[in-house]
Structure formats: structure tokens, C-alpha cells
Chemist: 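The structure's right below; bear with me while I get my questions together.
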Amino acid sequence: MTIQLSHIHKTIGRQFILQDISLSVGQGEVIGLLGPNGAGKSTLMKILVGLWPATSGEVEVCGINLNQCAHDVAPYIGYLPENNPLYEDMYIREYLEFMASVSMTQKSGEGKPQKLTNPKARVEEVIAMVGLQPEISKTIGQLSKGYRQRVGLAQALLQDPQLLILDEPTTGLDPNQLEDIRALIRDLGKNRTVILSTHILQEVKQMCSRVLILSHGQLKADMPIQEIENLETLFREKTYEGEH
């Protein structure tokens, strides 16, 4: 399993953010993570990437127990947060080479992370993979929102992660940019596990094999997409139910 969560709780002060979340995600699944604002989606993603600890429960990602060594999971995960932080004054290749130099690893024959010997070659691979060549001579600050998202995706893919976590990756894109990024995410999901947080139900129907619905910190639904007759109706039922 890529992800194994057992009875995860997260509290901040006296407030419950996540309540008793248990689920398993296998290699190669594309998961749509749905829920209204404040449902706990971003908190769950931050726990999965090791940024926040769970208050209680067991978290295992890519075979690593995050309760014991959360920092060890970094080489196996690519993460694109909602705000997609970038250095706008840097050129695309310059930025990616910088990120590669400070963070990029590969897996040894024993599955252990180690520094790449040729990070520049990997940078060129991800530039081609996400289609950045037409804008490669520009600084990040000169790019459209769609191409900035591609830079964020390229950075998330530098380590060829087993798990790719994307938080609202299509927010603010125009229709052409939307379709380009959706097609790219569908392609990326062919050989890695992807968790996609979004408010766009149509996006989930197009790209995902499975749906998780959170409401008020609780997991209200976990279903294969082909078993869902009407995603809109299911979402309304589960999120409305979570408010009462």
C-alpha cells in the first residue's frame, strides 16, 4: 500500500480538525479528495507529506511510519500546495536546478534515498514532461497561471515520486489551461499514486478512479468512481449530513 491510515485524529487546541480517519490507498490509484471549505482536506494532505503530525493514530506512507520518522518520506512524495510558492525572479530552468540541488534524491538498489549524480538531466526530463519548453526563456514572474502550475508540477516531479499530492491544482485557470493541466495530471497518474484535492466535481469524474469525501473532519464516503451513480447528489448528501 502507498498509504495506510489507522484512526487518525488531529486537534488544534480544543478543536477537532480530523476525526478517526482510516483508509488504504494502493499503488497507481488516482484519488479525488472532496469536501467543503474547512472539511480537513488540506490538513490531511499536510499529514501525508509529513509537514504536520497526527495527534493520534498511525500514518504509513510509501512504507514509512510517519509517527517515527516523518522526514524520511520526503524523497517519495511530490507535493503541489494550493498557493504554489515559486521564486518569481528566477528563470524556469534556474529555479528547477536550484530545487534539484537542495532536495533531489534517487532510490538505491536497496530502496534507500541518495543524492542524484546528474540533477540537470532530471530537470530537463521534467521540463519536457510537463511541457515547459515554449516558455523556457522566461522568468517565473512572466508566466501565465497555467504555466506557473506546470512549474509547480515539475518541481513536485523532480524526485520521480511514488505519491503525488495536488491541492487545488486547477484553481484560477482559463478553460484552455484547465484542459491542459487535467490532461497532464491524467498522464502522470498512469504510473504513480495521485491524490487530487479539488472543488470541481467534473474534474474528479474525468480523472479519478476513487472518491473520498470529507466533511467536518470525518470521512463520509470512500467509493470507486464507477460505483457512483451521481457524484453531485452524493456530495450534497454527505456534506449536508456532516453539518447536522
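Below, all heavy atoms of this structure are taken into account, side chains as well, without hydrogens, waters or symmetry copies.
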Chemist: Testing the basics here: between G78 and P161, what is the closest heavy-atom pair and its distance to 0.1 Å?
Modeler: N-CB, 3.3 Å
Chemist: Name each donor-acceptor pair under 3.5 Å that joins a side chain in residues 89-100 to protein atoms two or more places apart or in another chain, with its distance.
Modeler:
| residue | atom | partner | partner atom | Å |
| --- | --- | --- | --- | --- |
| R93 | NE | E124 | OE2 | 2.6 |
| R93 | NH2 | E124 | OE1 | 3.3 |
| E94 | OE1 | Y91 | N | 3.0 |

Chemist: From K10 NZ over to Q15 CD, what is the distance, rounded to the nearest 0.5 angstrom?
Modeler: 11.5 Å
Chemist: Testing the 3.5 Å rule here: is there a donor-acceptor pair between the side chains of T170 and E203?
Modeler: yes
Chemist: Quick check on the hydrophobic clustering: are L51 and L5 connected, directly or via other members, by side-chain heavy-atom contacts under 4.5 Å?
Modeler: yes
Chemist: Atom CD in E82, atom OG in S42: separation rounded to 0.5 Å?
Modeler: 6.0 Å
Chemist: May I ask you to check whether E29 and S209 show a side-chain donor-acceptor distance below 3.5 Å?
Modeler: no
Chemist: Will you find, in the side chains of E58 and H7, an N or O donor that is under 3.5 Å from an N or O acceptor?
Modeler: no
Chemist: Return the minimal non-hydrogen interatomic distance between V61 and L48, and the atom names on each side.
Modeler: CG2-O, 3.7 Å
Chemist: Can you confirm whether L34 sits close enough to L214 that some side-chain heavy atom of one is under 4.5 Å from a side-chain heavy atom of the other?
Modeler: no
Chemist: Side-chain polar contacts of residues 130-137 - donor-acceptor pairs under 3.5 angstrom, sequence neighbours left out - could you list them?
Modeler:
| residue | atom | partner | partner atom | Å |
| --- | --- | --- | --- | --- |
| E135 | OE1 | K138 | NZ | 2.8 |

Chemist: I want to check something: taking the side chain as every heavy atom from C-beta on, are V126 and D160 in contact at a cut-off of under 4.5 Å?
Modeler: no
Chemist: Compare all side-chain heavy atoms of I185 with those of L166 and state whether any distance is below 4.5 angstrom.
Modeler: yes
Chemist: Can you tell me how far CG of L143 sits from CZ of R148, rounded to the nearest 0.5 angstrom?
Modeler: 6.5 Å
Chemist: Is R150 salt-bridged to D180, going by a charged N under 4.0 Å from an acidic O?
Modeler: yes
Chemist: Give me the atom names and distance for the closest heavy-atom approach of N67 to V59.
Modeler: OD1-N, 2.9 Å
Chemist: If we ignore hydrogens and angles and just use 3.5 Å, is the side chain of T193 paired with the main-chain N or O of L163 as donor and acceptor?
Modeler: no
Chemist: Consider only side-chain heavy atoms of I, L, V, M, F, W and Y, link residues closer than 4.5 Å, and tell whether I31 and L231 are in one cluster.
Modeler: no
Chemist: How close do L196 and P169 get, heavy atom to heavy atom, and via which atoms?
Modeler: CD1-CG, 3.2 Å
Chemist: If you take all heavy atoms of H9 and D20, which pair is closest and at what distance?
Modeler: CE1-N, 3.3 Å
Chemist: Under 4.5 Å between any side-chain heavy atoms of D222 and L23, yes or no?
Modeler: yes
Chemist: I want to check something: taking the side chain as every heavy atom from C-beta on, are I165 and L80 in contact at a cut-off of under 4.5 Å?
Modeler: no
Chemist: Any non-hydrogen side-chain atom of R192 less than 4.5 Å from a side-chain atom of Q162?
Modeler: no
Chemist: Would you indicate whether the side-chain heavy atoms of I200 and V204 approach each other to under 4.5 Å?
Modeler: no
Chemist: Identify the heavy atoms of K41 and S197 that sit nearest to each other, and give their distance.
Modeler: CE-OG, 3.5 Å
Chemist: Measure the CD1-CG distance between I47 and L18 for me, rounded to the nearest 0.5 Å.
Modeler: 5.0 Å
Chemist: Would you please say whether a donor-acceptor pair under 3.5 Å links the side chains of Q149 and N84?
Modeler: yes
Chemist: Roughly how far, to the nearest 0.5 Å, is the CD1 atom of I195 from the CG atom of L164?
Modeler: 9.5 Å
Chemist: Would you say M207 and L201 are hydrophobically clustered, going by side-chain heavy atoms of ILVMFWY under 4.5 Å?
Modeler: no
Chemist: Is any NZ, NE, NH1 or NH2 atom of the basic residue among D174 and K145 found under 4.0 Å from an Asp or Glu carboxylate oxygen of the other?
Modeler: no
Chemist: Kindly indicate whether the side chain of P36, heavy atoms from C-beta on, has any atom under 4.5 Å from the side chain of F235.
Modeler: yes
Chemist: Salt-bridge test for E125 and K120: reply yes if a basic N is under 4.0 Å from a carboxylate O, no otherwise.
Modeler: no
